**Student:** 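Quick one: the structure is below, and I'll ask about it shortly.
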Amino acid sequence: MDLDALRHGNFSKLGEAITDWEQMTKKLADLQKDAENNLKAKADKAKWAGANATVSREFITKTAAEFADAHTQANSITKILSDTRGELISYRTQLNEAITRGTQQNLTVIDTGEGTFTVTGNTRPDWASDPSGKTGVTDQKAAEALRDEIQGILAKATQSDNSAAKVLMLLVDQAKYGFSEGNYKDRDAAAKAIVDANKMAKILAKNPHDVTNTELASLDAALAHYKNDPLFAEQFATQVGPKKMLTFWAGIADPYQGNYDPERAKQAKQLQKNLGITIGRATLSDSSKMQGWEKEIIKLGPDQLGIDDASDPTGYAVMSNLMRFGDYDDQFLNDYGDKLLAYDKKVNGEGINLWVNNANQGDLNYWGYKNDRGRDPVTGFLEALGHNPDASTQFFAQPAGTGDIVKKDSEISDHLKYLTNERVWVSDTTLEGDDNYIAGRKSLGHALEAATTGYSYDASADVIKAGGEHRTPATAAVMEEVAFLYGSEDGPEMLHDQPEMAASLGKMAGAYIDDINYNLSGVGEYEMDESTFPAKYEGRAKFTQEGAINFLSVLGQSENSHRAVTAAQHLYTLSALDAYPPTSDANIGHAHDALTTEAKARGILDNARVEQAATDYGANSEDGNKSLGRSADWIKLGVGAAVGVGVAAIPLPGTTAAAMVIAPVAADTVGEAVNTFIGHEIDEGVDSREEDPREQAQMTSSEFYKKGENQLGSVYHNYIKDSPEAAKSANDNNWNDDIQNAYLGVGSHQNDYRGRTPYKD
């Protein structure tokens with residue numbers, strides 16, 4: 001900074017700008033509050049139908065979020081400008097005071113341009129009468145001291161000015177359209193994020209084998225601390241650079257370099273996660289630097305990195321393991337995935353697998369336990385899609401120009417067809433793992449869960465409960481593809497050959513159980529029951545009645561898919577009874593339809609389970625009965641169900657606590673109103689389950705059907721027992737036969753002439 005620029009600086013214009021920003025921030029705060037409390041709140045509560053139910057509501061939600069981001073950015077800019085102005089005024093004061101002191105010492109300070117200046121001594125007027133006999137020129141040491149003092153002030157002012165400019169530029173460049181969500185309490189906080197990013201980038205500039213455990217710990221701590229900081233993420237990523245990011249992780253991850261250190265392995269595991277999250281945050285920036293970074297990462301994909309670590313992996317192999325964690329830019333993930341699958345198709349086949357082979361000992365994934373070493377980059381990429389729902393929905397979107405209902409293979413996404421039917425998957429396990437387990441298929445299930453539900457596959461119950469309905473026409477279109485593929489003639493074989501997919505398929509069907517019920521409710525393709533099963537979002541999934549039957553008849557064949565979709569079906573019916581209390585003839589009629597449709601769906605699922613168990617183990621064999629006993633245990637899924645507006649999250653036993661079945665809820669209210677049937681039935685089911693521990697061991701097919709019929713009967717009984725009107729209607733209209741016939745006659749025996757037969761080896 002030039003000396004005169006600071007010395008004579010007029011900061012009034014900057015002060016006026018800050019005042020304007022302060023006023024703007026206050027106005028945006030009011031707009032944000034109004035958008036949240038009025039615009040969005042009213043949209044959430046509105047009982048809209050048609051396009052308004054999703055298109056308008058989604059637009060309003062995004063608009064409200066933009067107001068929040070606008071306020072956040074304006075607030076950060078105001079604080080940064082205010083801090084910088086205050087500092088520069090302080091430095092100006094210090095500079096003028098120093099020059100004044102210099103004048104008193106007969107020192108002259110002159111700005112010589114381009115950030116330079118001189119300090120010279122003047123001839124003192126009283127030099128001739130000075131008894132010391134000194135010359136008239138001021139002491140050189142005093143001149144040097146003043147020079148150093150002024151130089152220090154200018155350096156600080158320059159640093160203040162430059163860091164503010166850099167912070168503001170980075171902040172504004174984060175979003176090409178809209179606003180950045182970067183929130184900083186002052187200029188120093190933003191500047192420190194950049195400084196710390198540069199400091200951490202220097203660690204990655206080193207040979208990974210020269211990095212100490214202490215340095216790794218500090219790197220992990222910094223990345224975890226700044227995981228949501230947009231300026232840190234971008235500065236860190238761009239300073240490290242694409243290739244160095246990849247080679248560094250490969251070097252840290254490789255467990256075969258030197259002596260294995262358990263403590264270092266723990267740090268490496270956290271580093272994989274923290275790096276992935278930080279890189280993901282960086283890709284959300286729209287700056288030209290990050291756009292170039294993303295293109296370079298994709299370009300490096302098919303090539304080996306030219307290093308000794310991790311069997312000299314390709315860029316795809318390393319990056320796919322980092323992106324297992326984090327929120328990534330949707331377009332980047334789709335561009336990356338398009339290139340990865342295009343390359344994978346060229347090298348994938350029946351021969352030696354390019355990714356997984358004995359020559360490749362490059363373990364790059366610390367989160368796969370024994371069954372996912374991270375050598376197959378498609379697996380890591382699919383995990384990324386599983387955590388990025390919008391990107392996954394786009395990646396598996398139906399081809400352009402398809403009709404309302406998926407009827408043929410050409411209406412299926414090429415990506416989905418390749419990954420489900422064409423790709424040769426290879427087990428990527430350690431010597432201690434299960435050679436028959438394909439981690440990539442599990443990850444494909446995760447990606448499709450995200451694509452169809454709109455939630456990360458491992459979203460928590462609290463997130464789901466608060467988030468509500470996330471389904472859209474786009475997510476429904478992917479669901480239609482999945483149902484068509486796995487409900488096809490090849491569906492039983494696909495499910496049998498892809499057991500890792502079963503739980504995810506059941507969860508996907510559970511998330512669309514209201515649409516499945518709607519498709520089951522008509523006579524053929526006519527007179528489907530829109531009033532009992534209204535669309536909860538625009539562009540609901542269309543399966544056709546035959547398609548719904550086929551899909552359920554396949555899902556029922558697997559224990560894992562059967563229990564997930566059955567739990568969702570049962571909870572949805574309970575919520576429908578909450579939505580249609582026996583207070584009117586119309587409600588009682590809807591309750592009848594909800595009960596009979598569940599009976600039909602349960603019958604299809606249970607019949608498929610019985611027939612598959614008999615095919616696998618022999619009719620009424622001990623192993624077959626054990627399988628049915630496990631399938632009858634699904635009622636425990638209801639324990640701990642979190643019911644929100646429009647959706648419920650049902651814990652899936654046997655997996656992590658975060659594994660949830662997302663079920664649509666018919667009732668629009670939560671709390672006591674919705675617990676009338678849901679809470680009672682879950683409690684009763686668990687109590688009765690605990691009274692009969694034998695069921696955990698085995699169950700004959702007859703007992704299995706009896707249990708299913710009793711569960712339906714219990715719900716039916718609890719609906720009418722306290723309502724004389726409902727009881728009379730049920731008696732007059734013979735609900736008993738309707739429910740029994742739907743379960744045992746229509747549902748179970750539907751498979752005798754429709755649906756898919758059990759899989760046979």
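Just so we're clear, the structure is a prediction, and the values are computed from it rather than from any experiment.
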**Student:** Which heavy atom of Phe484 sits nearest to which heavy atom of Val406, and what is that distance?
**Tutor:** CD1-O, 3.5 Å
**Student:** Would you mind reporting whether Leu495 and Tyr759 have side-chain heavy atoms less than 4.5 Å apart?
**Tutor:**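 The answer is no, as the side chains (C-beta and beyond) never meet within the 4.5 Å cut-off.
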**Student:** Treating Gln545 as the side-chain partner and Gly522 as the backbone partner, does any N or O pair qualify as donor plus acceptor under 3.5 Å?
**Tutor:**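 A pair under 3.5 Å: yes.
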**Student:** Between Leu605 and His562, which heavy-atom pair has the shortest distance, and what is it?
**Tutor:**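 Taking Leu605 first and His562 second, the nearest heavy atoms are O-CD2, 3.5 Å.
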**Student:** Show the nearest heavy-atom pair for residues Ala447 and Phe396, with the distance to one decimal.
**Tutor:** CB-CE1, 4.0 Å
**Student:** Is it true that Asp616 and Gln612 share a donor-acceptor pair across their side chains at a distance under 3.5 Å?
**Tutor:**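 Gln612 vs Asp616: donor-acceptor pair found between side chains.
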**Student:** Looking only at atom types and distance, does a side-chain atom of Glu481 sit under 3.5 Å from a main-chain N or O of Ile412, one as donor and one as acceptor?
**Tutor:** no
**Student:** Hey, could you give me the CD/CG distance between Glu422 and Leu416, rounded to the nearest 0.5 Å?
**Tutor:**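 Nearest 0.5 Å value for the CD-CG distance: 10.0 Å.
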**Student:** Indicate whether the side chain of Asp458 and that of His387 have a donor and an acceptor atom separated by less than 3.5 Å.
**Tutor:**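 A pair is found: one side chain offers a donor N or O, the other an acceptor, under 3.5 Å apart.
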**Student:** Kindly indicate whether the side chain of Lys626, heavy atoms from C-beta on, has any atom under 4.5 Å from the side chain of Glu622.
**Tutor:** yes
**Student:** Is the closest side-chain heavy-atom distance between Met660 and Pro651 below 4.5 Å?
**Tutor:**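 They are in side-chain contact.
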**Student:** Are any non-hydrogen side-chain atoms of Trp735 and Thr596 less than 4.5 angstrom apart?
**Tutor:** no
**Student:** Please determine, by modelled atom types, if Tyr512 and Thr475 share a side-chain donor-acceptor pair under 3.5 angstrom.
**Tutor:**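 Looking only at side-chain atoms, Thr475 and Tyr512 do form a donor-acceptor pair, the distance falling under 3.5 Å.
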**Student:** To the nearest 0.5 angstrom, please state how far the CG atom of Asp738 sits from the OH atom of Tyr716.
**Tutor:**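 Here the rounded value is 9.0 Å.
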**Student:** Strictly by salt bridge (charged side-chain N to carboxylate O under 4.0 Å, His left out), give each pair with a member in residues 517-535 just once, sequence neighbours left out.
**Tutor:** Glu530-Arg540
**Student:** Can you tell if the side chain of His470 reaches within under 4.5 Å of the side chain of Thr453, non-hydrogen atoms only?
**Tutor:** no
**Student:** Taking Gln557 for the side chain and Thr757 for the main chain, is one N or O donor matched with an acceptor at less than 3.5 Å?
**Tutor:** yes
**Student:** Taking the side chain as every heavy atom from C-beta outward, state whether Tyr457 and Leu448 have any atom pair closer than 4.5 Å.
**Tutor:** no
**Student:** Is the number of heavy atoms from other residues, nucleotides or ligands under 6.0 Å of Asn620 CG greater than 12?
**Tutor:**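 Buried by this count: over 12 neighbours within 6.0 Å.
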**Student:** Return yes if some donor-acceptor pair links the side-chain N/O of Glu703 with the main-chain N/O of Thr700 below 3.5 Å, else return no.
**Tutor:**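 Checking the backbone N and O of Thr700 against the side chain of Glu703, a donor-acceptor pair under 3.5 Å is found.
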**Student:** Within the 4.5 Å heavy-atom criterion, are Tyr486 and Leu555 side-chain neighbours or not?
**Tutor:** no
**Student:** Roughly how far, to the nearest 0.5 Å, is CZ of Arg609 from OG of Ser553?
**Tutor:**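 Interatomic distance, Ser553 OG to Arg609 CZ, rounded to 0.5 Å: 13.0 Å.
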**Student:** Is Tyr580 reaching over with its side chain to a backbone N or O of Thr532, donor-acceptor style, under 3.5 angstrom?
**Tutor:** yes
**Student:** Show the numbers, then the answer: is there a salt bridge (Lys or Arg N to Asp or Glu O under 4.0 Å) between Asp414 and Lys417?
**Tutor:** CA-CA 5 Å; Asp414 286 342; Lys417 281 190 290 189; 3.7 Å; yes
**Student:** Do Ser729 and Glu725 pair up side chain to side chain, a donor and an acceptor below 3.5 Å, judged on atom types alone?
**Tutor:**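 No pair is found: no donor N or O on one side chain lies under 3.5 Å from an acceptor on the other.
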**Student:** Mind checking what makes ring pair (Phe, Tyr, Trp, His ring centres under 6.0 Å) contact with Phe395, not counting sequence neighbours?
**Tutor:**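 Applying ring pair (Phe, Tyr, Trp, His ring centres under 6.0 Å) to Phe395 gives Phe381, His415.
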**Student:** Which atom names give the shortest non-hydrogen contact between Val610 and Ser701, and what distance separates them?
**Tutor:**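 That would be CG1-CB, 3.6 Å.
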**Student:** For Thr452 and Glu449, indicate whether the former's side chain and the latter's backbone hold a donor-acceptor pair under 3.5 Å.
**Tutor:**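 Indeed, once roles are kept as given, a pair shorter than 3.5 Å links the two residues.
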**Student:** Ignoring hydrogens and angles, tell me if any N or O in the side chain of Arg471 forms a donor-acceptor pair with the backbone of Ala511 under 3.5 Å.
**Tutor:**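 Yes, the answer is positive, given that a donor and an acceptor are paired below the 3.5 Å cut-off.
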**Student:** About how many Å separate CG of Asn517 and CE of Met528, when rounded to the nearest 0.5 Å?
**Tutor:**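 Those atoms lie 12.0 Å apart.
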**Student:** To the nearest 0.5 Å, what is the distance between CD (Glu493) and NZ (Lys760)?
**Tutor:** 14.0 Å
**Student:** Testing the 3.5 Å rule here: is there a donor-acceptor pair between the side chains of Gln711 and Arg602?
**Tutor:**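 Result is yes, a qualifying pair exists.
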**Student:** When you compare the side chain of Ser627 with that of Glu559, does any pair of heavy atoms fall below 4.5 Å?
**Tutor:** yes
**Student:** Judged by atom type as modelled, is there a donor-acceptor pair below 3.5 Å linking the side chain of His592 to the main-chain atoms of Ile588?
**Tutor:** no
**Student:** Does any N or O in the side chain of Glu611 come within less than 3.5 Å of the main-chain N or O of Pro758, such that one atom is a donor and the other an acceptor?
**Tutor:** no
**Student:** Please identify each residue that fulfils side-chain hydrogen bond (donor to acceptor under 3.5 Å, both in side chains) with Glu411, with sequence neighbours left out.
**Tutor:** none
**Student:** Can you tell me how far apart CD1 (Ile405) and OG1 (Thr544) are? Round to the nearest 0.5 Å.
**Tutor:**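 Reported to 0.5 Å precision, the distance equals 6.0 Å.
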**Student:** With a 3.5 Å distance limit and no angle check, can you tell me whether Ser521 reaches the backbone of Tyr518 through a side-chain donor-acceptor pair?
**Tutor:** yes
